[in-house]
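Here's the structure, in structure tokens; my notes come after.
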Amino acid sequence: MAGGVVLAALASGCGDPTLRKSPRPPYLLVAKGPYQSLYGPDGRIQRLVYDGNGDGTADAVILYGPDGKVHEAQVDTDFDKVVDRWEYFDDGVLVRLGFTRYKPGVPDYWDVIGPDGAPTRREYDDDGDGKVDRSEP
């Protein structure tokens, strides 16, 4: 008889809103080793962060578009905590690489990538205004 009372109490508690499963969070952050990924409410990846040298600062940040394809990557190639390489993608395909020569954290020359994956031309921003001043094949 006592077992029936416990079952009845448990069954009556099932309608209690405090015992219901909480809604899914709008974003999900997953960390594993040097990787950290952020997923949106739709379950698609939005950002992937990589800390290869374990100093607590991202060495690479990869951003994804709403379609789940890579949109842009920002990389610190010399581990000085400043981005010095930018990768731009169109429909998940690499189309442009940016680099910095003068001002840390700002691209001032770019390699335009052709359909075969090879650079087709280099563009330069010589005066630091963010616009291409000259290009060469």
Side-chain angles (χ1 to χ4, degrees):
M1 184 83 165
V5 172
V6 171
L7 285 176
L10 288 173
S12 67
C14 289
D16 184 351
T18 61
L19 298 177
R20 292 189 189 138
K21 188 176 178 182
S22 61
R24 183 176 178 180
Y27 294 93
L28 176 64
L29 181 65
V30 178
K32 185 166 183 158
Y35 297 95
Q36 193 180 75
S37 53
L38 178 69
Y39 296 87
D42 61 358
R44 291 183 187 211
I45 190 166
Q46 292 189 342
R47 182 181 70 200
L48 177 67
V49 176
Y50 176 70
D51 177 13
N53 60 2
D55 67 354
T57 302
D59 301 319
V61 177
I62 301 161
L63 305 172
Y64 294 82
D67 58 1
K69 295 180 182 179
V70 176
H71 175 67
E72 181 179 340
Q74 302 170 356
V75 185
D76 174 12
T77 61
D78 57 7
F79 307 109
D80 66 351
K81 302 180 192 235
V82 179
V83 173
D84 50 30
R85 177 182 168 125
W86 294 260
E87 300 175 1
Y88 303 97
F89 297 81
D90 183 17
D91 201 28
V93 177
L94 181 65
V95 293
R96 197 170 185 201
L97 293 170
F99 304 93
T100 187
R101 295 174 295 170
Y102 306 120
K103 188 176 179 184
V106 179
D108 55 28
Y109 77 95
W110 301 267
D111 285 342
V112 178
I113 308 300
D116 62 353
T120 58
R121 78 177 178 275
R122 181 165 284 172
E123 301 174 334
Y124 296 91
D125 172 15
D126 295 321
D127 58 9
D129 65 356
K131 299 176 185 172
V132 175
D133 295 312
R134 63 185 171 94
S135 67
E136 59 188 38

*Test side-chain hydrogen bond (donor to acceptor under 3.5 Å, both in side chains) applied to Gln36 - qualifying residues, sequence neighbours left out*: none
*Keeping the roles fixed (side chain from Thr100, backbone from Val106), state whether a donor-acceptor pair exists under 3.5 Å.*
yes
*Are Lys69 and Asp91 close enough for a salt bridge, meaning some N to O gap below 4.0 Å?*
yes
*Asp90: what forms a salt bridge (charged side-chain N to carboxylate O under 4.0 Å, His left out) with it, not counting sequence neighbours?*
none
_Grouping I, L, V, M, F, W and Y whenever their side-chain heavy atoms are under 4.5 Å apart, do Leu94 and Ile62 come out in a common cluster?_
yes
*Set of residues satisfying salt bridge (charged side-chain N to carboxylate O under 4.0 Å, His left out) with respect to Arg101, sequence neighbours excluded*: Asp108, Asp126
*Could I get the full list of salt bridge (charged side-chain N to carboxylate O under 4.0 Å, His left out) partners for Asp84, not counting sequence neighbours?*
none
*Which heavy atom of Leu63 sits nearest a heavy atom of Val61, and at what distance?*
CD2-CG1, 3.9 Å
*Mind checking what makes side-chain hydrogen bond (donor to acceptor under 3.5 Å, both in side chains) contact with Glu123, not counting sequence neighbours?*
Arg96, Arg121
*Between Asp111 and Leu97, is there a donor-acceptor pair closer than 3.5 Å when you use the side chain of the first and the backbone of the second?*
no
*Can you sort out the partners of Tyr50 under ring-ring contact (aromatic ring centres under 6.0 Å, His included), two or more places apart, ordered by chain and number?*
Tyr35
_Check whether Asp133 reaches the backbone of Asp127 with its side chain - one donor and one acceptor, N or O, closer than 3.5 Å._
yes
*Ile45 versus Tyr64, closest heavy-atom pair with distance*: O-CB, 3.4 Å
